[in-house]
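I have placed the structure first, in the form of C-alpha cells, so that the comments after it can refer back to it.
Computed over heavy atoms, backbone and side chain alike; hydrogens, waters and symmetry mates excluded. Note on naming: letters A, B, ... go to the chains in the order of the sequence lines (proteins, then strands), and numbering restarts at 1 for each one.
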Amino acid sequence: MIRNAGIAAKLIILILLSTMTIFTVAFTYNYAVSKRIVLKKVKNDAGNLTLATVYRIESVMTSVASVPNNMAGILESRSHSRDELNALLRSVIEHNSSIYGSAIAFEPYAFDPDRYYFAPYACRDNGKPKLLFLGDTYRYPSWDWYQIPRETHQAVWTEPYYDEGGGDIIMATYAVPFYRHRDGQRQCIGVVTADLSLLWLQDIISAVSIYTTGYAFLISANGTIVTHPDRNLIMHESIFSIAEARNDQGLRTVGRDMVRRGRGFVPITDFYSGKKAWMYYAALPSAGWSIGVVIPEDELLADLRILTNKVFIIGLAGFLVLVIVIAFIAGTITRPLRTLARTTIEIARGNLDIELPEWPSNDEIGQLSRSFENMKTALKDYIANLAETTAAKERIESELKIAATIQRSFLPKRFPPFPERTEFELYATLEPAKEVGGDLYDFFMLDDEHLFFSIGDVSGKGVPAALFMAVTKTLMKGLAAPGLPPHEVLARVNAELCIDNESSMFATVICAVLNLKTGRVAYSNAGHNPPLLLKRNRPPAWLALPPGIVLGGLDAAHYTTAEIILDPGDMLLLYTDGVTEAMDTRRQLYSEQRLITVAAEASRTSPRNMVSCILDSVQRHSAGEPQSDDITILSVLYKGAAT
Amino acid sequence: MMKTPALLPALVLLLPALSCAEPLARVTFIPQWVPQAQFAGYYVACDKGIYARHGLDVTVLRGGPESPPSELLERGAAHFGTMFLTTGIIKRASGVPVVNIAQVVQRSSFMLVAKKSSGILKPADMNNRTVGVWGPEFQALAGIFFRRHGLSVTTVPQSATLNLFFMDGVAVASAMLYNEYHTMLNAGYDPEELSVFSFHDLGIDVPEDGIYCLEATYRTDPERCRRFASASLEGWTYAFDHPEEALDIVLRHASAAHVATNRVHQRWMLHRMRDLIASPGSRLAPGILSETAFADVVAELRTGGLIGSTPAFSEFFVGCRLP
C-alpha cells in the first residue's frame, strides 16, 4: 500500500510512526517512573498514617488490658470474699471510663464448692456501676472470653462480638486467666475480664482520611470486618468472604497476610468502591487485628494523570504541527515534480514549446528543472536538425532516383538489340547495388561488319561514380570508330578522363571489336577482370588479357590490343567484380572458380540463358545479404558469318 | 435451576388432608443451632406460609449452645426440634421420650479438622491432643471415631466459635462440612493447610438432622406432627428451588439473632444441605429413616457405652416408613 502512496504520504506515515514510537516509549517510561515515585511517597504517607492509627488504638487497648492484668495479680495473692470481689469490680468501672464491663469468672465450684457458676460482673448502666451474676442461663465456661484464656493459659483479646444486652455495640473482651496453688499445683481457677466497647475504635478508624475518599478499616484476627465505611459489612463479612463473593484471589492472599500480622503496601480492587486501589496494612500487636488504609489509585495518581494528559495533549498537538510541516515540505518537493511530470508528458506528445516552471532556488529541484529545460532545448534543436537533414536527404534521394533513371537510360536495354543480324547474339544486364551504380556496359555496330562492345566498373558508388561512368561511356561511344583499334580507343578515353580529374576517380574497362565475318575479336583491357571464353565443346577458360592500367589513373597510360578468333558457337562472357565478389551470409565470396563451374554447366545456346543462369546463381549465393556492388554481365555468342 | 424431585415421593406420602376452616395450631420449633441455612427449610416454610397452609402457626425459637432441643422438648418449651440421629437415640435410651417424625439428612457431614502445622496428618496423630467437641450429641459421634482408632484424647467443649481452635487452644476442632469448615476457609486457612477427617469418607456415615417431638406430643396429635414434617420438607424443596430467596430469609433470621454471618457463607451452607438432603445419589428420600441405619447407629452407641438399652425402631421412628 505504502509503495503506491505518494512521497508526501510516505514521509508523513514514516516520520509520524517513528516519532510516535519514540514518544510512546518516552511517555511510557516517564509514566512508569513517575508512578513509582508517587507510590513510594504514598506508601510512606499511608504507612505513617496507618502506624499512627495503630499506635493510638494500641495505647487505649494497652491501658485497658493493664486493668485485668492487675486484677489477676490481686486475685492470685489471696482468696477474696464475695463483697471484696464486688467492690473490686465496682471500683474498676468507676475508675476506668474506657472499660464497659468487667467480670471475675470462676471455674465451676472453684469459688464456692456448692456453686457450679460464680461470676460477678459489673457493667456501666447510665454511668453508674451495676452488678450482675453470670451463670444459670449464660453458661460462661463455653464462651470464648472464658475458654480461650483458660485453655491457652494466655491473656487474650477476644474476637469482637455484639454485646448481648447493649444492642448494636461491638465489644471485645480482654481476658486474663488467674491461678491459685492448690495441692502443690498451679491451677487455673478463673478468668478476669475487661470489656471494651469498640465504638471509640470505630471513631478513630473512621476519622482516618487520606486523599479524597481514602479510608481505613479494621479486621479481626479471623479476618472479620470490625469497622468499615460500609456498615453492612461490619461483623457479617470477613475479608475472605468478600474475596469469595467477588472471586478475588488477590484479596484473599492479602487477607491471609493481614491475619498473620503482616504489613505491606499492595494493589487491590477496593471491595467498597470496586475501583483499583492501593492498601497499606499493619497489625495491632496486642490483639492481632489488622488495619487497612485504602487509597483509590485514581486519586493518588490524580496529579500524575493530569500531567500525563497534558503531556499527551502537547504530544498530540506536536504531531499535528509535524503533519502540517511534513506536508508543507513534501508539497514543496512534489509540486514541482508533478508539474515536471505533466510537462514531460506534454514534451513526449511532441509539444516542445511548452514553458517549464520557473524554480528560483538552486536546490536539487532547481537543478532538475534546469536539466529539463536544457533537455527540452536540445530536443528541440535536434528535431529541427533532423527535419532539415531529412528534407535534404529526401531531395538527394529524389535527385538520385532521377540520376539513376538517366544513367539507365544510357545503357542499351533492347534485346535482342539487332534482330536482323544472324551472325551473333548478345545479352547484357546490370543489377545496381544502389540507386545509382558505377558499372557500365555498351555495344553498338561500328559499321556493317564490326560490333563494338564493352564492360566497365567505376571506382566508388553513387552519383560521382554514375557521372564518371556516364562520361566514360559517352567518350567511349564517341571515340570508337571503324578501324580504330580498341587500345587506341582506351588510350583516348583515358587521356580525356585524366584531364582535370580532381576527384581521382577511375574506371576498369574492357572494350572489344568483333569482326562478324571472320569471328576475329580485337580487345583491349584497362585493369578489368578477365572475361570467360567458352569455346564450343570445350570447358570455359579465362581470356588472356593484355596489360593496361585503369582509365583516369595516369594520362600517359599505354594499352595493348590482343586478338582471338571465335568459331561459330563460341561465346564470350564479360562481367564486373560484383559477380565474383558477391558475399553470402558467412561473408564467403562467390569466386571465379564458382563462376567457371556455373558457366561450364550452363547451356551455351543463348547469351540470355547464360546471363540469367549466372545471375540466378549469384543471387542464390548472396540470398539474405544486401547487394554490396553492382552486378553486370555481358555475353556475346558468335554464330558465324552470314551466308 | 435444578428441581429436587427426590423430595416429592415423601411429600406425597406425608401430605395430610387439610381442612381450611380449622384455626391454626400454635406450635414452637427449636432448631439445634443458631439461625443459618442448615435450617433454611424450616425458616422458609415459616416465612413463605407453608406451615400456615398446613394448618400450623409455627414459632421458630432461637437455637444455640444454650438451648439444646432435647432439653427444650423435655421441658415442654418447644413442640418440635431437630436433632442428630445419635442424639435422638441417646435421649430416647436415657429416658427422654422423644420420637423421630422425619429423618431429613441421610448422611454425615461431620468432620474433625486439624491444622497441618500442628503435626496432625492422620487419625493416630490426634493421640493425647485436645479436641474441641460440641455437646454430648457430638461427643457420641466423635467417640465412635476415637474408639475405632484407639485414641486417647482430651475433649474440650467447643463453643459457637472456632476461635479456640484458631488460637491453638485445641489441636482439633469439630466441624460440619456445611458450616465450620467454610468458616475456617474464610478465616484465611486454605484447604491444603488443613487435615480433614470426614466421617462420611471414613464410613461413619451416620444420618444427621431429623425432626423430633415428645412421644406424648405425637400421641396427642399425630396428624399435626405429620403436617409439621410434611410442611418442613416442602420448605426444603422451596429453599432448594429458590436458593437466593431462601438465603434472604435465613439472613434475616440470622441478623435478628445477631449472628455474625454473611451471604457467601450461608450460600455455601445451603448448597451443602442440598447435597446432603436432595442429592440425586442419596440413599433414601428425606423423611424416611432406614431401619438398618438405625440399627448400625444403635450398635455403635452400645459399643461406646453411650446407651444401655436399645430403643425399639418402631417406637423411635413414627414417620413415614418404607413401603
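- Within the 4.5 Å cutoff, side-chain heavy atoms of B:Arg129 are placed close to those of B:Ile120.
- Contact annotation for A:Arg260: only side-chain heavy atoms (C-beta onward) come within less than 4.5 Å of a heavy atom of chain B.
- Aromatic ring orientation, B:Tyr42 versus B:Phe39: tilted (interplanar angle from 30° to 60°).
- Most heavy-atom pairs under 4.5 Å with chain A, from the set B:His265, B:His182, B:Arg267: that is B:His182.
- The side-chain hydrogen bond (donor to acceptor under 3.5 Å, both in side chains) test applied to A:Lys130 returns no partner, not counting sequence neighbours.
- What you find for A:Pro177 and A:His153 is that their closest heavy atoms are CG-C, 4.1 Å.
- Of residues 240-250 of chain A, those residues lying under 4.5 Å from chain B by any heavy-atom pair are A:Phe240, A:Ser241, A:Glu244, A:Ala245.
- Under the 30°/60° scheme for interplanar angles, the aromatic rings of B:Phe138 and B:Trp134 are found to stand perpendicular.
- Taking every heavy atom of both residues into account, B:Ile30 and B:Ala78 meet most closely at CG2-CB, 3.5 Å.
- The one candidate from A:Trp289, A:Tyr272, A:Phe271 that meets the ring-ring contact (aromatic ring centres under 6.0 Å, His included) condition with A:Phe217 is A:Phe271.
- Among B:Val264, B:Asp190, B:Leu162, B:Val156, the residue with the largest count of heavy-atom pairs under 4.5 Å with chain A is B:Asp190.
- Salt-bridge check for B:Glu245 with B:Lys48: passed, with a basic side-chain N closer than 4.0 Å to an acidic carboxylate O.
- Within residues 186-193 of chain A, no residue has any heavy atom less than 4.5 Å from a heavy atom of chain B.
- Looking at A:Arg139, the atoms closer than 4.5 Å to chain B (heavy atoms on both sides) sit in the backbone and in the side chain alike.
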Show the atom names and distances, to 0.1 Å, of all donor-acceptor pairs under 3.5 Å that link a side chain in residues 167-178 of chain B to residues at least two apart or in another chain.
from, atom 1, to, atom 2, distance (Å)
B:Asp168, OD1, B:Lys115, NZ, 2.7
B:Ser174, OG, B:Gly132, O, 2.6
B:Tyr178, OH, B:Gln38, NE2, 2.6

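- A salt bridge links A:Glu107 and A:Arg150; the closest N-O separation between the charged side-chain nitrogens and carboxylate oxygens is under 4.0 Å.
- Contact detail for B:Thr155 and B:Phe146: the closest heavy-atom pair is CG2-CE1, 4.2 Å.
- Contact of B:Gln266 with chain A is not made at all, since no heavy-atom distance falls under 4.5 Å.
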Next on the checklist: ring-ring contact (aromatic ring centres under 6.0 Å, His included) for B:Phe110 and B:Phe199? Distances and angles first, verdict last.
Outcome noted: CA-CA 6 Å; B:Phe110 184 70; B:Phe199 278 40; 4.9 Å; yes
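- In terms of non-hydrogen atom pairs under 4.5 Å with chain B, the most contact-rich of A:Glu151, A:Arg256, A:Glu159 is A:Arg256.
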